[in-house]
Colleague: 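Before I ask anything, let me first share the structure, which is written out below as C-alpha cells.
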Protein chains: 2
Amino acid sequence: MSPDNENKTTRDRLLKVAETLFAQRGYHAVSVREITTAANCNLAAVNYHFGNKKNLYLDVFRLRWMVRARRVHDSFTQHLAKHDGASPTEIIQALAEAFIKGPLADDERFYHAQLMMREMAKPTEAFEMVADEILRPFFRNLAKLLQPYLPEEIDEQRVNLNMLSIISMVIYFNFARVPVSLFTGCTYDEAFKERLIQHIVNFALTGLNVREKEKSL
Amino acid sequence: MSPDNENKTTRDRLLKVAETLFAQRGYHAVSVREITTAANCNLAAVNYHFGNKKNLYLDVFRLRWMVRARRVHDSFTQHLAKHDGASPTEIIQALAEAFIKGPLADDERFYHAQLMMREMAKPTEAFEMVADEILRPFFRNLAKLLQPYLPEEIDEQRVNLNMLSIISMVIYFNFARVPVSLFTGCTYDEAFKERLIQHIVNFALTGLNVREKEKSL
DNA sequence: TTGACATTCAAACGATCGTTTGATACAAAC
DNA sequence: GTTTGTATCAAACGATCGTTTGAATGTCAA
C-alpha cells in the first residue's frame with residue numbers, strides 16, 4: 001500500500017487499488033482477494049461497500065474514470081479558452097497536450113487509457129455509461145471546433161473519420177506503450193512525450209488537410 | 001460448432017475455437033471447459049494436446065495468429081509487386097487494403113486484431129514471439145519502403161513515429177469496431193471498409209508530408 | 001491374434017473463486 | 001448505561017477453476 005493511501009477510507013482505497021489492478025490485468029484476471037489484500041482490508045469489504053465485484057468495477061468507472069476524463073476535457077477546453085479564436089493547430093495541440101501531458105500523473109494516464117481500451121475491445125455496462133457521459137459529448141465538441149476549418153465540400157462521414165483518426169493516435173500512444181517503446185527505443189519521459197505531441201499535431205494537421213493545398217489524390 | 005469444423009481434428013478444432021474465445025473475452029475470462037465444449041470434445045483434450053491452458057494460448061499465436069499475419073504481409077507485398085516502383089500512395093493503399101480488406105475473412109480480421117490489442121495492452125510471452133517474428137520485420141520493411149519519399153532532413157525518430165501513426169489507425173479501425181460504429185453510425189460492410197481505406201490513405205499520405213508542400217508549422 | 005501406440009472419456013483432484021455469515025469493535029444518540 | 005448503526009473481522013459457503021487419473025476406445029503393424 002502506497003503511503004498516500006493510509007489516511008483514506010477503506011472504500012477509497014478499494015476504488016484506487018481496484019482501478020490500477022483492473023487496468024493492468026483486466027476484470028477476470030484480478031481476484032477480490034488480491035484487491036482487498038492490496039487495499040489492506042478484509043476480504044468482505046468489497047461486498048460490504050460495493051455489493052459485489054462487478055459493482056466495484058462499475059464504480060471504478062463512475063467515481064474515478066469519468067471524473068478523471070472530465071478533468072482531461074476541462075484541461076482541453078481551458079487551454080483553448082486562453083487563446084480565444086483557436087486555430088486548428090491550437091485545437092489539435094490542446095487536445096494532444098491534454099491527453100499526452102495533461103492534468104494527469106503519468107501512471108494515472110496509463111491506467112486511464114488501459115481501462116478505456118479494454119472497454120473498447122469488449123464493451124460492458126461501463127462502456128454505455130462512458131459513451132453517453134463522456135465520449136459522445138467530447139466527440140461532438142471536437143467536431144464542432146474543427147468543422148469550420150475543414151474543406152467545405154467535406155461530408156459528415158469524413159469529419160467523423162478524421163476525428164476518429166486523431167483519437168486513435170492519442171489513445172494508441174497512451175495505451176500501447178510497450179510496442180511504442182519497442183519500436184522507437186524511447187521510454188515515456190517528458191522529452192519523448194513532448195515529441196509525441198509535436199508529431200501528433202503535425203501528422204493530424206496535415207492529415208486533416210486544413211490548409212488550402214492542392215489535393216491531388 | 002460450425003459445420004466446417006466437423007471434419008477437422010480435435011487439435012485443430014481446439015485451436016480455432018480457443019482463438020475466437022480468447023480474442024472475444026481474453027485469456028482469464030475463458031475457461032478450459034468452455035473451450036472444450038465449444039470444440040465438441042472432452043475436457044482433458046486441452047491438456048492432452050497442448051499440455052495446459054497457457055500453452056494452448058501460445059499455440060494459438062504460433063499456429064494461427066502468426067500464420068495469418070504472414071498472409072496479410074504477403075498480400076501487402078504482392079499487391080505492391082504488381083505495381084513495381086510503388087509510390088507512397090500505392091504503399092499506403094496496399095497497406096490499408098491488406099489490413100482492412102485483405103486476404104482475411106471479416107470475423108478472422110476482427111479476432112486477429114483483438115488478440116493483438118490484448119497483447120499490446122498486457123504483453124505475455126506471445127508478444128515477444130510476435131514482435132520478433134512479425135512486428136519488427138514488418139515495421140522495418142514499411143519504413144524502408146517509405147523512407148525514400150520522406151523529407152530528407154527527417155530523423156529516424158520521426159520516421160518511426162510516422163509508421164506508428166499509420167499502424168495505430170489500421171489497428172484501431174479494426175479492433176475498436178464498437179466505438180467506431182457508435183460514432184459513425186456505420187456497420188462494417190464492404191462500402192464502409194472501402195471508405196475507411198480511402199480515408200486512411202488520404203489522412204496518412206498528407207500526414208506524412210511526402211509531397212513537397214510548404215511546411216509552415 | 002496379439003501388442004504397442006494414440007486418442008477419448010467420465011470422474012475426481014486440490015486450489016481458488018465470489019459471496020455470505022455471525023461475531024466483534026467502536027462510535028454517536030438517547 | 002443502553003441502544004443504534006457503521007465498519008471490520010475470521011471463517012466458512014457452494015461453485016468453478018485448471019489439471020490429473022485410469023479405464024475404455026480405435027488403429028495398425030507384427
Side-chain angles (χ1 to χ4, degrees), chain A residues 1-2 4-64 115 118-119 122 124-126, chain B residues 1-2 4-64 115 118-119 122 124-126:
Chain A
M1 189 178 60
S2 60
D4 54 53
N5 271 354
E6 286 160 3
N7 53 355
K8 293 201 285 187
T9 65
T10 299
R11 192 183 141 90
D12 286 339
R13 274 179 289 132
L14 279 173
L15 281 169
K16 171 163 183 162
V17 162
E19 176 172 46
T20 59
L21 288 176
F22 284 147
Q24 286 177 316
R25 311 215 302 275
Y27 181 82
H28 289 93
V30 180
S31 70
V32 174
R33 279 169 179 80
E34 194 176 0
I35 295 171
T36 51
T37 300
N40 209 26
C41 67
N42 187 268
L43 170 61
V46 162
N47 299 77
Y48 177 76
H49 286 287
F50 302 96
N52 53 36
K53 182 186 178 185
K54 180 184 162 190
N55 227 307
L56 168 59
Y57 179 78
L58 291 178
D59 271 350
V60 162
F61 274 87
R62 249 190 296 269
L63 305 174
R64 296 193 55 97
L115 283 172
R118 293 186 187 280
E119 280 300 318
K122 182 71 181 174
T124 69
E125 291 176 39
Chain B
M1 189 176 61
S2 59
D4 54 53
N5 272 354
E6 286 159 3
N7 54 354
K8 294 202 285 186
T9 65
T10 300
R11 193 183 141 91
D12 287 339
R13 273 179 288 132
L14 279 173
L15 282 169
K16 170 162 185 163
V17 162
E19 177 173 47
T20 59
L21 288 176
F22 284 147
Q24 287 176 315
R25 311 215 302 274
Y27 180 81
H28 289 94
V30 179
S31 70
V32 174
R33 280 169 177 81
E34 193 177 2
I35 295 171
T36 51
T37 301
N40 209 26
C41 67
N42 187 268
L43 170 61
V46 162
N47 297 76
Y48 177 76
H49 286 286
F50 302 95
N52 53 37
K53 181 186 179 186
K54 179 183 163 191
N55 227 307
L56 169 59
Y57 179 78
L58 291 177
D59 271 349
V60 162
F61 273 87
R62 250 189 295 268
L63 304 174
R64 298 203 120 243
L115 283 173
R118 294 186 187 281
E119 280 299 319
K122 183 69 182 174
T124 69
E125 291 177 39

Colleague: Look at the side chain of A/Tyr48 and decide which nucleotide, out of D/dA7, C/dT20, D/dC9, has an atom nearest to it.
Modeller: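 From the listed options, D/dA7 comes nearest.
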Colleague: Within the distance-only criterion (no hydrogens, no angle test), does the side chain of A/Arg118 pair as donor or acceptor with the backbone N or O of A/Gln24 below 3.5 angstrom?
Modeller: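 At least one qualifying donor-acceptor pair exists.
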Colleague: A/Leu43 CG to C/dA23 P: how many Å, rounded?
Modeller: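 To the nearest whole Å, that distance equals 19 Å.
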Colleague: Checking contacts here: which listed nucleotide (C/dT8, D/dT19, D/dT8) is nearest the side-chain heavy atoms of A/Thr10?
Modeller: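 The answer is D/dT8.
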Colleague: Under 3.5 Å, side chain of A/Arg13 to main-chain N/O of A/Ala39, donor-acceptor pair present?
Modeller: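 Answer holds: yes.
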Colleague: Counting heavy atoms from C-beta on, name the nucleotide in C/dT8, D/dA12, D/dT19 closest to the side chain of B/His49.
Modeller: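 Closest nucleotide among those given: C/dT8.
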Colleague: For DNA chain D, find the residues of residues 21-28 of chain A with a heavy-atom distance under 4.0 Å and give them by number; none if there aren't any.
Modeller: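 Here the set is empty: none.
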Colleague: Please report the closest heavy-atom contact between A/Asn55 and A/Phe50, naming both atoms and the distance.
Modeller: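 Minimum heavy-atom contact is CB-O, 3.0 Å.
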Colleague: Measuring to OP1 and OP2 of C/dG18, would you say a side-chain N or O of A/Asn52 lies under 4.0 angstrom away?
Modeller: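 Answer no for this pair, as no side-chain N or O of A/Asn52 is under 4.0 Å from OP1 or OP2.
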Colleague: Could you tell me the separation between the NZ atom of A/Lys53 and the P atom of C/dT20, rounded to a whole number of Å?
Modeller: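 Atom-to-atom, A/Lys53 to C/dT20, this comes out as 15 Å.
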Colleague: Applying a 4.0 Å non-hydrogen cut-off, can you work out what A/Ala44 is touching in the nucleic acid: base, sugar-phosphate, or nothing?
Modeller: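 A/Ala44: base contact, heavy atoms under 4.0 Å.
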Colleague: Could you tell me whether the side chain of A/Asn42 has a donor or acceptor atom within less than 3.5 Å of a complementary atom in the base of D/dA10?
Modeller: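 For A/Asn42, whose side chain was compared with the base of D/dA10, there is a donor-acceptor pair (under 3.5 Å).
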Colleague: Closer than 3.5 angstrom, by distance alone: can the side chain of A/Arg64 be matched with the main-chain N or O of A/Glu19 as a donor-acceptor pair?
Modeller: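 No, because the side chain of A/Arg64 does not come within donor-acceptor range (under 3.5 Å) of the backbone of A/Glu19.
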Colleague: Salt bridge or not between A/Arg62 and A/Glu125? Use side-chain N to carboxylate O under 4.0 Å.
Modeller: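 A salt bridge is absent here (no side-chain N lies under 4.0 Å from a carboxylate O).
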Colleague: Rounding to an integer number of Å, can you tell me how far B/Leu56 CG sits from D/dC17 C1'?
Modeller: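 One finds 16 Å between C1' of D/dC17 and CG of B/Leu56, rounded.
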Colleague: Nearest whole angstrom, please: distance from the P of D/dG18 to the CG of B/Asn47.
Modeller: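 One finds 10 Å between P of D/dG18 and CG of B/Asn47, rounded.
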Colleague: Do A/Lys122's NZ or CZ and the ring of A/Tyr27 fall within the cation-pi criteria of under 6.0 Å and 45°?
Modeller: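 Ring-cation test returns no.
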Colleague: Rounded to whole Å, how long is the line connecting atom CG of B/Asn55 with atom P of D/dT20?
Modeller: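 Taking CG of B/Asn55 and P of D/dT20, I get 12 Å after rounding.
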Colleague: To the nearest Å, give me how far apart CZ (A/Arg33) and P (D/dC9) are.
Modeller: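 That distance rounds to 15 Å.
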Colleague: Of the nucleotides D/dC9, C/dT19, D/dT19, which one has an atom closest to the side chain of A/Cys41?
Modeller: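 From the listed options, D/dC9 comes nearest.
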